[in-house]
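Notes follow the structure.
Convention: sequence-line order gives letters A, B, ...; per-chain numbering from 1.
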Amino acid sequence: MKTVLEAWEQSWTTEMGAYFPGERVVLRGKDLFTELQDLSWMGLLIYGVTGRLPDANQERLLNGIWALGTSYPDPRIWNNRIGALAGAAGSTSTLGVSAGLAVTEALLYGLRPLLGAAGLLLEAQRKLERGETLEEMLANKLNKASGCAPASGQASKKRHRLAALPGFGRPVSSRDERIAPLLELAGKLACDRGPAVKLAFSMEKVLQQSGYRHLYLNVAGLMAALLTDQGYTPQQQYQLCVLCSSGGILFCAADAATHPPGSFFPMRCASIDYHGTAPRQWRTETI
Amino acid sequence: MNAENADNKNNNDSNDDPKETIRSSFWHEQAEPDNPFAAAVCRCAGFDVYGDLLGKASWIEYLYLLFQGEQPDAAQTKLLNGLAVAIANPGPRDYSVHAAMAAGAGGSTLASNLMAALAVGAGRLGGAREVCEAMGLWEQCGRDLNTWQRALEQYRNARQTVTADIWPAAQHPPGFDPRGISCPTPIRQTLTQLADNNVAIHLQWLQEHRSDMEAAAALPLAISGVAAAAFMDLGFDHQQGEMLYLLLRLPGAAAHALDQHGQSRRTFPFFRNGINLQNDPGPKRGSP
């Protein structure tokens, strides 16, 4: 009997697709040039990730999430900053965007909160079905995370609470300006009344009534709710959004490349705030 | 913006906001008298890098200093140096090196070659994440064989679950090779060599109990397991171990990528007949 490695040597078995050089391309059992040629990029993305052809509203919803929620042209934002630094340092836009996308898999923003929020919504749905209340569930999560009262203002405890409740709260400001425009778009597409969206806002209400004033629903939480209501699994939501910050990072890279060399937030030596060991001499006996 | 505009910008800087700073626990700079943006003295954990350390410290000693904030002793230097040599080049069949070579084969930027190696070498199958998790097992089990056996058997009996995490669910005990048959010679040679050191208490214990642990895991020891034990012996935490494993495996990836840049793309496998597509609809009528 062959080992796994022997069985797969020189042979990749798949249903995802393939390229037939000089002839055609197949994606999930459909010919790209004759059966999928009218799909938008968002439609192709949804089909490639889920294997289901989306309807027009699903394409527009994902397009809106990408356009409104995830590509700010501000180089102060941590993932965008990678693009800007690449541009300022004379690197390439592709390198800057690639690295910036990798950085988007962060704890405090980006893909981890999205994936975490999707998981949290599913967990909340299961617990409600078992008779637990939202109040109990949220209190348990927050108590486990920090073991502190809601009134505490310590930064590290706030960070723990942000990580404990992905989809709620923000590191820079408590209210998320993207909620209203994204909800407006979802309303136009009749996607704003699903059970996950209602659950997300119910959780926000409980948090506010419980004294967690900084834990408003953030865009990752709303994105997860909207995408959950479209039937996407948490992993599919993550995959649909892996590239969604690329626009903002690219804008910042392109902008920085047009500025004077070295002009992107240069820092003087004195701006390093050192808290370490006092000056000392290297011992030479070890070499 | 030209120089004149730059001057205007500086003249308009009248806000009284305090300048934001970078807080550092190990790096300090003193500026040149004529330029506040150029360092005259750089200190790493208190040592003058260019005025004292350069010419005295080896690369491995400086690496240890950067991560630990202290000068290593001779035994620590020997252990980190040995590990760095052992893992510097996993070879062209390793997925992370393969990634760098695939980038090289197409003539991609050199930075992308290394980024490819980092991305692929970061994972839970033979990558840096596996080292991080193996270090977690060392912390959990210490040097107690019964505890290790219970932990490893739990992995064997664990049912696969879908987690809401960016990393895939664990599919094998970290530090062991799920596709291995027996512990390969280079891994045993590395363990023997690195364990011959008076700070290598985890490595010595691993060498002594390797067979029992492999039996409990039902898998042979992997190089990630040796690296995790070495990082424990050097006093690194999980993040330091994960980061160093990423860093120290890059030289081989870089060299193999450069090797591909100098060769024909036809000498690197494309797997021309390697795709076994299960749902091919076949050519459509009218297709070329």
Just checking [X]: does its [atom1] atom have more than 12 heavy atoms from other residues, nucleotides or ligands closer to it than 6.0 angstrom?
X	atom1	result
B:Ile181	CD1	no
B:Phe37	CZ	yes
B:Met243	CE	no
A:Gln125	CD	yes
B:Asp34	CG	yes
B:Glu20	CD	no

Report which part of [X] has an atom under 4.5 Å of a heavy atom belonging to chain B: side chain, backbone, both, or neither.
X	answer
A:Glu123	neither
A:Ala278	backbone
A:Phe33	neither
A:Ala99	both

Return the [atom1] to [atom2] distance between [X] and [Y], rounded to the nearest 0.5 Å.
X	Y	atom1	atom2	answer
B:Leu277	A:Met16	CG	CE	11.0 Å
A:Gln281	B:Leu53	CD	CG	10.5 Å
A:Leu95	B:Thr109	CG	OG1	4.0 Å
B:Ile166	A:Gln235	CD1	CD	10.0 Å

Task: Check against side-chain contact (heavy atoms from CB on, under 4.5 Å), B:Thr21 and A:Ile272 - done: CA-CA 6 Å; B:Thr21 58; A:Ile272 299 173; over 6 Å; no

Nearest heavy-atom pair of [X] and [Y]: which atoms, and what distance?
X	Y	answer
A:Gly29	B:Pro281	O-CG, 3.5 Å
B:Arg179	A:Val4	NE-CG1, 3.7 Å
A:Glu15	B:Asn279	O-ND2, 3.1 Å
A:Arg283	B:Pro72	NH2-O, 4.4 Å
B:Phe26	A:Tyr274	C-CE1, 3.5 Å

Which bit of [X] comes within less than 4.5 Å of chain A, counting heavy atoms only: side chain, backbone, both or neither?
X	answer
B:Glu32	neither
B:Leu65	side chain
B:Arg23	both

Open item on the list: Ring-plane angle category for B:Phe47 and A:Trp282, please: parallel below 30°, perpendicular beyond 60°, tilted otherwise.
Closed with: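 B:Phe47 and A:Trp282: perpendicular rings.
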
For chain B, which of [options] has the most heavy-atom pairs under 4.5 Å?
options	result
A:Thr277, A:Thr14, A:Leu5	A:Thr14
A:Gly17, A:Ala102, A:Gly116	A:Gly17
A:Pro234, A:Ser271, A:Gly119	A:Ser271

TODO: Considering only NZ, NE, NH1 and NH2 on the basic side and carboxylate oxygens on the acidic side, decide whether A:Arg268 and B:Glu29 come within less than 4.0 Å.
DONE: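 Salt bridge: no.
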
- [ ] Pick whichever of B:Ser25, B:Ala38, B:Ala111, B:Gly46 has the most heavy-atom pairs under 4.5 Å with chain A.
- [x]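 That would be B:Gly46.
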
Open item on the list: Using modelled atom types and a 3.5 Å cut-off, is there a donor and acceptor pairing between side-chain atoms of A:Arg280 and backbone atoms of B:Ala45?
Closed with: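 Yes; at least one donor-acceptor contact below 3.5 Å.
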
